[in-house]
Asker: 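Questions regarding the structure given below will be posed in turn.
Quick note: residue numbers are just sequence positions, from 1. Everything numeric here is computed off the predicted structure, so don't read it as measured data.
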Amino acid sequence: MDVAAYAAPAANAPLAPTTITRRDLGPHDVLIEIAYSGICHSDIHQAREEWGSAIFPMVPGHEIAGIITQVGPEVTAFAVGDHAGIGCFVDSCRECERCKSGNEQYCSVHTVVTYNGLERDQRTPTYGGYSTHIVCDEAYVLHIPASLPLDESAPLLCAGITLYDPLKRWKAGPGARVGVMGLGGLGHMGVKLAVAMGAEVTVISHSPGKEDDALRLGAHAFLLSSDRAAMKAARNSFGVIANTVAADIDLNAYLSLLDLDGVMALVGLPGSPMAIRPFSLIGGRRSLAGSSIGGIAETQEMLDFCGQHGVTSDIETIAVQQVNEAWDRVVASDVKYRFVIDTASLAG
Ligand code: NAP
Ligand code: ZN
Ligand code: ZN
């Protein structure tokens with residue numbers, strides 16, 4: 001079927017209306033009518049080729065929330081009317097050890113990313129959530145708890161799982177001292193999730209104006225990265241820091257905030273290399289780790305956790321026609337705290 005979408009026609013070109021074709025439903029496919037699509041900074045990095053060359057036209061969007069409107073004949077996990085979500089990938093090889101162990105996002109053959117990627121045939125481009133409908137194999141579709149509003153749930157599909165996985169892996173919980181670097185789309189989810197897990201949470205931000213919000217979101221403390229005295233006083237104080245910063249910064253000052261054996265989990269993805277002073281890690285037996293989203297089972301676990309704890313995203317809802325302006329505001333760290341496109345605005 002042909003569906004309305006918004007696409008970047010070329011690198012750095014503004015997004016504009018277009019029409020894309022979604023495949024006919026296979027036996028295990030579901031059709032989702034997209035209600036909301038979150039705007040992730042990764043959309044901007046890719047459309048501006050900050051991570052290298054990309055596939056155009058690009059229909060971004062990997063924080064997709066909507067309603068199942070049709071199911072293939074062999075679908076068992078979903079029914080028409082269900083609230084459903086799609087995150088950063090829509091398929092993978094399903095046979096490698098990583099896929100079999102629930103780490104499909106690290107598939108050693110080919111993770112089919114939701115947009116700016118190719119299907120398993122290695123030819124057909126994928127198109128994301130800035131569109132009215134998407135077709136996906138049910139094995140890569142998530143159940144959004146009925147208790148959560150769809151608009152505020154869309155960002156869980158990327159921002160939520162991207163923080164849930166490292167927070168859980170590095171044991172955010174009662175007694176843990178967690179730092180969240182960057183209070184943006186990912187960071188504000190990190191605060192809410194770490195607080196729900198029972199950790200003591202500090203927001204580490206370069207924006208002085210975000211202190212009140214950090215505390216309102218549940219953080220116990222706010223550390224302004226330009227406040228040298230406060231940064232010095234906070235040395236050696238965190239067990240884990242989730243670094244969501246999307247810009248090129250000097251990490252060394254932040255690494256010194258980690259306590260003995262502390263871990264900085266890097267999830268922010270600026271395109272440039274980073275200079276690490278070995279002393280920053282060695283003095284304190286610290287680790288610098290990376291983490292990419294989460295597998296399907298864990299993403300479902302995160303959504304269920306959010307359902308139980310009432311965790312959703314703080315959003316600014318926009319019409320798709322405002323997307324170019326919204327992207328500039330994301331780059332300027334001027335969003336509270338995630339833009340979500342109401343895809344009804346694509347109609348007509
Ligand atoms: P975002 O909403 O733009 O948030 C990034 C935050 O970084 C900003 O709110 C800001 O927080 C901080 N920041 C921005 N410029 C800065 C600067 N010059 N110096 C210091 N801090 C700065 O972006 P997002 O959507 O949360 O994504 C964050 C990053 O994670 C992006 O690079 C994205 O591509 C990446 N990402 C990775 C994964 C993964 O699986 N690993 C998944 C999704 C996204 P303050 O104002 O509080 O300082
Ligand atoms: Zn994302
Ligand atoms: Zn695989």
Side-chain angles (χ1 to χ4, degrees), residues 28-40 61-72 75-90 102 104-105 114 128-129 132-169 172-173 185-199 201 216-218 242 293-317 337-344:
H28 293 281
D29 282 342
V30 299
L31 176 66
I32 299 175
E33 185 179 319
I34 301 172
Y36 299 99
S37 189
I39 295 179
C40 178
H62 59 205
E63 294 185 336
I64 298 170
I67 294 173
I68 304 273
T69 52
Q70 212 181 314
V71 296
V75 168
T76 57
F78 291 90
V80 169
D82 286 355
H83 286 192
I86 292 178
C88 297
F89 59 97
V90 290
E104 303 93 339
Q105 76 276 34
T114 305
T132 59
H133 297 77
I134 188 166
V135 175
C136 186
D137 186 302
E138 62 170 332
Y140 292 80
V141 179
L142 288 307
H143 290 275
I144 295 179
S147 60
L148 298 180
L150 275 181
D151 51 357
E152 295 174 11
S153 301
L156 302 177
L157 276 304
C158 173
I161 185 58
T162 299
L163 273 294
Y164 182 86
D165 176 285
L167 288 171
K168 195 179 154 195
R169 185 171 314 281
L186 266 57
H188 93 292
M189 288 314 311
V191 172
K192 292 187 182 199
L193 289 164
V195 168
M197 290 173 183
V201 182
R216 177 182 56 78
L217 292 166
I293 45 174
I296 291 295
E298 194 187 30
T299 305
Q300 189 61 59
E301 177 188 308
M302 176 274 308
L303 286 166
D304 296 343
F305 177 91
C306 289
Q308 281 154 20
H309 293 266
V311 172
T312 56
S313 175
D314 282 24
I315 59 168
E316 284 190 46
T317 306
Y337 275 87
R338 198 57 141 185
F339 283 116
V340 168
I341 298 168
D342 179 350
T343 54

Asker: How long is the straight-line distance from CG of Leu186 back to OH of Tyr337, given to the nearest 0.5 Å?
Answerer: 14.0 Å
Asker: Let me confirm one number: the CD-CZ distance from Gln70 to Phe78, rounded to the nearest 0.5 Å.
Answerer: 15.5 Å
Asker: To the nearest 0.5 Å, tell me how far His83 NE2 sits from Ser147 OG.
Answerer: 10.5 Å
Asker: Any non-hydrogen side-chain atom of Met189 less than 4.5 Å from a side-chain atom of Leu156?
Answerer: yes
Asker: Who are the side-chain hydrogen bond (donor to acceptor under 3.5 Å, both in side chains) partners of Ser313, not counting sequence neighbours?
Answerer: His188
Asker: For Val80 and Val71, work out which heavy atoms get closest and say how close.
Answerer: N-CG1, 4.4 Å
Asker: Side chain of His143, backbone of Ala77: donor and acceptor closer than 3.5 Å?
Answerer: yes
Asker: On a heavy-atom basis, which atom in Ile144 and which in Ala65 lie closest, and how many Å separate them?
Answerer: CD1-CB, 3.7 Å
Asker: Kindly write out the residues that satisfy salt bridge (charged side-chain N to carboxylate O under 4.0 Å, His left out) with Asp82, not counting sequence neighbours, or none if the list is empty.
Answerer: none
Asker: Only pairs under 3.5 Å count here: list side-chain donor-acceptor contacts from residues 160-167, not counting sequence neighbours, and write none if there are none.
Answerer:
| residue | atom | partner | partner atom | Å |
| --- | --- | --- | --- | --- |
| Thr162 | OG1 | Cys158 | O | 2.7 |
| Tyr164 | OH | Glu301 | OE2 | 2.6 |
| Asp165 | OD1 | Arg169 | NE | 3.3 |
| Asp165 | OD1 | Arg169 | NH2 | 3.3 |
| Asp165 | OD1 | Ser291 | OG | 3.4 |
| Asp165 | OD2 | Arg169 | NH2 | 2.8 |

Asker: Rounded to the nearest 0.5 Å, what separation is found between the NE2 atom of His133 and the CD1 atom of Ile67?
Answerer: 10.5 Å
Asker: Can you find a pair of side-chain heavy atoms, one from Cys306 and one from Thr312, that are under 4.5 Å apart?
Answerer: no
Asker: Are the side chain of Thr343 and the backbone of Ala35 linked by a donor-acceptor contact shorter than 3.5 Å?
Answerer: yes
Asker: State whether a side-chain donor-acceptor pair under 3.5 Å links Gln308 with Asp304.
Answerer: no
Asker: Between Val135 and Val90, does the side-chain contact (heavy atoms from CB on, under 4.5 Å) criterion hold? Intermediate values first, please.
Answerer: CA-CA 9 Å; Val135 175; Val90 290; over 6 Å; no
Asker: Measure across Ser37 and Ile64 and return the closest heavy-atom pair with its distance rounded to 0.1 Å.
Answerer: OG-CG1, 4.4 Å
Asker: If you compare all heavy atoms of Pro155 against all heavy atoms of Val340, which two are closest, and at what distance to 0.1 Å?
Answerer: CG-CG2, 3.8 Å
Asker: Which is it for Leu142 and Ile296 under the side-chain contact (heavy atoms from CB on, under 4.5 Å) test, yes or no, and what are the steps along the way?
Answerer: CA-CA 7 Å; Leu142 288 307; Ile296 291 295; 4.2 Å; yes
Asker: Closest heavy-atom contact between Asp29 and Val75?
Answerer: O-CG2, 3.3 Å
Asker: Got a donor-acceptor contact below 3.5 angstrom from the Glu138 side chain to the Thr76 backbone?
Answerer: yes
Asker: Are Asp314 and Arg216 close enough for a salt bridge, meaning some N to O gap below 4.0 Å?
Answerer: yes
Asker: Out of Glu63, Glu152, Glu316, which one pairs with Arg338 under the side-chain hydrogen bond (donor to acceptor under 3.5 Å, both in side chains) rule?
Answerer: Glu63
Asker: Against Ile86, only a single residue in Leu157, Ile34, Thr114 fulfils side-chain contact (heavy atoms from CB on, under 4.5 Å); can you say which?
Answerer: Thr114
Asker: Ring centroid separation for His62 and Phe89, is it under 6.0 angstrom?
Answerer: no
Asker: Taking the side chain as C-beta and beyond, is there a heavy-atom pair between Ile68 and Leu31 under 4.5 Å?
Answerer: no
Asker: Could you go through Ile315 and Asp151, starting from their C-alpha distance and side-chain angles, then the distance that decides it, and tell me whether this counts as side-chain contact (heavy atoms from CB on, under 4.5 Å)?
Answerer: CA-CA 8 Å; Ile315 59 168; Asp151 51 357; 3.7 Å; yes
Asker: Is there a side-chain contact (heavy atoms from CB on, under 4.5 Å) between Thr132 and Glu33 once you walk through the steps?
Answerer: CA-CA 6 Å; Thr132 59; Glu33 185 179 319; 6.0 Å; no
